[in-house]
Asks: 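Have a look at the structure that comes next, please.
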Amino acid sequence: QVQLVESGGGSVQAGGSLRLSCAASGRTFSNYAMGWFRQAPGKEREFVATISWSGASTYYADSVKGRFTVSRDNAKNRVYLQMKTLKPEDTAVYYCAAGPLPGTVVADFVSWGQGTQVTVSS
């Protein structure tokens, strides 16, 4: 399986931006579709965005559509989540995940990173 490490989290004010990065190692990164999920305290892990192995196909949760953009650089073994117009309700630990196909549920993915905290203050 591929190993994943997220970075780029932090604290921002509402309306601000952050770019999360996920570095992959191990198996061939370009063989995997990738996903971003998030988990707020006391809540279940929820889908944010997913991207196909080539980057040609992307899909977003309604809550982030138009504000977040997922992309990947297979030459660098990285996937990114650009987050704009952040809201306090975006506060969560953000996880990247790898799987055989793009997906929207936890069970669609086989490898997970450790997560990076994003805190948005009002």
Asks: Among the clusters formed by ILVMFWY side chains lying less than 4.5 Å apart, do Val93 and Trp112 turn up in the same one?
Replies: yes
Asks: So for atom CD, which belongs to Gln114, do other residues, nucleotides or ligands contribute more than 12 heavy atoms lying within a distance under 6.0 Å?
Replies: yes
Asks: Is a side-chain donor or acceptor of Thr119 paired with a backbone partner of Ser11 at a separation under 3.5 angstrom?
Replies: no
Asks: Under the 3.5 angstrom rule, does the side chain of Ser17 hit a backbone N or O of Lys84 as a donor-acceptor pair?
Replies: no
Asks: Would the number of heavy atoms belonging to other residues, nucleotides or ligands and lying under 6.0 Å from NZ of Lys43 be above 12?
Replies: no
Asks: Determine whether Leu81 and Val48 make a side-chain contact, defined as any pair of heavy atoms from C-beta on separated by less than 4.5 Å.
Replies: yes
Asks: Which atom pair, heavy atoms only, marks the closest approach of Cys96 to Glu6?
Replies: N-OE2, 2.8 Å
Asks: Report the distance from atom CD of Gln3 to atom CD of Gln1, rounding to the nearest 0.5 Å.
Replies: 8.0 Å
Asks: Less than 4.5 Å apart, any side-chain heavy atom of Met34 and any of Arg72?
Replies: yes
Asks: If you look at every heavy atom in Pro88 and Ser121, which pair is closest and at what distance?
Replies: CG-C, 4.5 Å
Asks: Could you pull out the closest heavy-atom pair between Tyr32 and Ala98, with the gap in Å?
Replies: CD2-CB, 3.9 Å
Asks: Gly99 and Phe109: which non-hydrogen atoms are nearest, and at how many Å?
Replies: N-CD2, 3.6 Å
Asks: Group every Ile, Leu, Val, Met, Phe, Trp and Tyr by side-chain heavy-atom contacts under 4.5 Å, then state whether Val12 and Met83 land in the same group.
Replies: yes
Asks: When hydrophobic residues are tied together by side-chain contacts of less than 4.5 Å, even through go-betweens, does Val118 share a cluster with Leu4?
Replies: yes
Asks: Val106 versus Phe47: any side-chain heavy-atom pair under 4.5 Å?
Replies: no
Asks: Counting N and O atoms only, with roles assigned by atom type, does the side chain of Thr28 sit under 3.5 Å from a partner on the main chain of Ser30, one being a donor and the other an acceptor?
Replies: no
Asks: Heavy atoms, side chains only, cut-off 4.5 Å: are Tyr95 and Arg45 in contact?
Replies: yes
Asks: Would you please say whether a donor-acceptor pair under 3.5 Å links the side chains of Ser21 and Arg78?
Replies: yes
Asks: Could you tell me whether Asp90 and Lys87 have a side-chain N and a carboxylate O separated by less than 4.0 Å?
Replies: no
Asks: Please round to the nearest 0.5 Å and tell me the distance separating atom OG of Ser7 and atom CG of Leu20.
Replies: 8.0 Å
Asks: What do you reckon, is CH2 of Trp53 surrounded by more than 12 foreign heavy atoms closer than 6.0 Å?
Replies: no
Asks: With a 4.5 Å heavy-atom cut-off, do Val79 and Ile51 have their side chains touching?
Replies: yes
Asks: Could you tell me whether the side chain of Arg38 reaches within less than 4.5 Å of the side chain of Thr91, counting heavy atoms only?
Replies: no
Asks: Restricting to non-hydrogen atoms, name the atom on Pro102 and the atom on Ser52 that form the minimum distance, rounded to 0.1 Å.
Replies: CG-CA, 3.7 Å
Asks: Minimum heavy-atom separation for Val2 to Ala24, with atom names?
Replies: CG2-CB, 3.6 Å
Asks: Is there a side-chain contact between Phe68 and Leu18, using heavy atoms and a 4.5 Å cut-off?
Replies: no
Asks: Is a donor on one side and an acceptor on the other found under 3.5 Å between the side chain of Thr50 and the backbone of Gly103?
Replies: yes
Asks: Are any of the side-chain heavy atoms of Thr58 and Tyr60 separated by less than 4.5 Å?
Replies: yes
Asks: Can a cation-pi geometry be assigned to Arg19 and Tyr80, taking NZ or CZ under 6.0 Å from the six-membered ring centre and within 45° of the ring axis?
Replies: yes
